[in-house]
Amino acid sequence: MSEPPPNGQERLVTAEEFLEGHPDAFGEIHDGVLIQACGQSPQHGLVVRRLAAELEYAVDPDGPRREVYWDTPIRVVDAERAEADRRVRVRHPDLIMRDGTGGPYDLRSVAREILLVVEVTSASTIGSDIGLKRELYASEGIPVYLIVHFDRDWQQITEIEECRLDWSGCRYVTRHNHTDSLVLTEPVTLTVAFADLQSRLPRRP
């Protein structure tokens with residue numbers, strides 16, 4: 001997760017610099033600007049871990065290869081800017097599920113292999129999660145975007161917004177607001193109660 005850097009402390013990253021360096025050397029990047037990383041609450045981390053496990057359990061071992069990653073960089077479509085150091089866009093979604101049949105993970109092309117992306121909102125990222133990231137992930141054609149929303153105290157999940165691409169293939173519409181349990185049929189079949197996503201003990205598969 002990340003937030004804009006303090007004023008006057010922008011660091012610009014070109015595509016060449018990004019590709020030559022190690023992905024862990026950078027945080028999120030928007031229009032070439034390196035975004036300062038910020039920590040998340042234990043509750044946020046708990047929900048990410050539990051949902052990651054549920055998605056992995058839901059993968060059919062006899063079906064197509066599906067892989068789940070968390071806080072892993074993906075390069076999304078570059079900004080249409082003339083300046084070379086104002087184009088790169090890199091995000092670290094809380095969770096992704098990718099089609100692994102095409103080969104090893106490659107952050108330069110992985111966005112086109114993602115079947116589902118998840119952002120667990122927080123006070124510092126909710127604006128980006130429901131706005132900019134929604135636009136970026138849709139522009140990459142990622143079929144499903146899940147946004148996990150919390151109550152005012154950021155302790156209890158209130159809903160999980162399920163966004164899917166519309167007829168254009170580049171815009172999301174909200175197909176369902178899950179309020180007690182998350183139920184999916186694609187890209188995996190999954191039913192999990194919000195209580196299990198917030199349990200201190202993992203649910204047995």
Side-chain angles (χ1 to χ4, degrees), residues 1-5 26-38 40-41 43-45 47-48 51-52 54-55 68-81 86-99 107-152 154 156-179 181-188 190 192 194 197:
M1 285 299 178
S2 50
E3 60 185 6
F26 304 97
E28 294 191 329
I29 303 170
H30 188 70
D31 291 1
V33 178
L34 184 64
I35 304 174
Q36 192 175 47
C38 62
Q40 291 296 341
S41 70
Q43 185 68 3
H44 179 280
V47 173
V48 171
L51 185 50
E54 293 291 342
L55 288 170
V68 177
Y69 297 86
W70 50 93
D71 196 25
T72 303
I74 64 171
R75 184 177 180 183
V76 294
V77 62
D78 285 356
E80 295 181 359
R81 301 282 292 268
R86 290 284 186 173
R87 298 175 186 166
V88 179
R89 291 174 172 174
V90 177
R91 293 291 162 177
H92 289 237
D94 284 319
L95 288 169
I96 63 170
M97 175 177 283
R98 71 177 282 256
D99 178 355
L107 68 88
R108 294 168 297 184
S109 59
V110 69
R112 295 188 293 274
E113 303 168 343
I114 296 175
L115 304 171
L116 175 147
V117 60
V118 181
E119 293 289 1
V120 178
T121 60
S122 68
S124 62
T125 66
I126 187 169
S128 176
D129 293 336
I130 66 176
L132 177 61
K133 290 181 181 179
R134 182 174 175 137
E135 295 177 7
L136 290 176
Y137 298 152
S139 69
E140 287 290 349
I142 298 173
V144 185
Y145 179 29
L146 301 180
I147 308 172
V148 181
H149 295 273
F150 287 86
D151 62 11
R152 179 182 295 182
W154 299 99
Q156 299 294 320
I157 299 173
T158 56
E159 67 177 299
I160 298 180
E161 184 180 356
E162 180 184 341
C163 306
R164 291 184 180 264
L165 295 172
D166 69 2
W167 59 266
S168 71
C170 60
R171 291 191 304 261
Y172 285 129
V173 294
T174 299
R175 294 297 187 194
H176 193 77
N177 286 308
H178 304 268
T179 55
S181 299
L182 173 64
V183 180
L184 296 176
T185 56
E186 291 290 339
V188 290
L190 168 68
V192 56
F194 290 180
L197 294 179

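- Looking at heavy atoms from C-beta onward, Leu116 lies out of side-chain contact with Ile142 at the 4.5 angstrom threshold.
- Looking at Val144 and Glu186, their side chains never come closer than 4.5 Å, going by heavy atoms from C-beta outward.
- In this structure, Tyr137 contributes its side chain and Ala111 its backbone to no donor-acceptor pair below 3.5 Å.
- Between the side chains of Thr179 and Glu159, no donor-acceptor pair is found at a separation under 3.5 Å.
- Taking NE2 of His176 as the start and CG of Leu182 as the end, the distance is 9.0 Å to the nearest 0.5 Å.
- Other residues, nucleotides and ligands place no more than 12 heavy atoms under 6.0 Å from the CZ atom of Arg112.
- Taking the side chain as every heavy atom from C-beta outward, Leu95 and Val117 never approach each other to under 4.5 Å.
- Here the side chain of Ser168 pairs a donor or acceptor atom with the backbone of Cys170 at under 3.5 angstrom.
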Q.
Could you go through Tyr145 and Glu162, starting from their C-alpha distance and side-chain angles, then the distance that decides it, and tell me whether this counts as side chain to side chain contact (heavy atoms under 4.5 Å, CB included)?
A. CA-CA 6 Å; Tyr145 179 29; Glu162 180 184 341; over 6 Å; no

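- Legend: residues meeting salt bridge (Lys or Arg N to Asp or Glu O under 4.0 Å) with Glu140, ordered by chain and number and at least two apart, are absent.
- Proximity of a side-chain donor or acceptor of Thr121 to a complementary backbone N or O of Val148 within less than 3.5 Å is detected.
- Residues Asp94 and Asp71 are not in side-chain contact: their nearest non-hydrogen atoms beyond the backbone lie 4.5 Å or more apart.
- Between Thr125 and Ser122, the side chains place a donor N or O and an acceptor N or O closer than 3.5 Å (distance only, hydrogens not considered).
- Judged purely by atom type and a 3.5 angstrom limit, His44 uses its side chain to pair as donor or acceptor with the backbone of Val120.
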Q: Determine, step by step, whether Val68 and Ile96 satisfy the side chain to side chain contact (heavy atoms under 4.5 Å, CB included) criterion, reporting the C-alpha distance in whole Å, the side-chain angles of both residues, the deciding distance to 0.1 Å, and the verdict.
A: CA-CA 6 Å; Val68 177; Ile96 63 170; over 6 Å; no

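- When atom types are taken as modelled, the side chain of Thr72 and the backbone of Trp70 share a donor-acceptor pair closer than 3.5 angstrom.
- Between Leu51 and Val118, the closest side-chain pair of non-hydrogen atoms falls below 4.5 Å.
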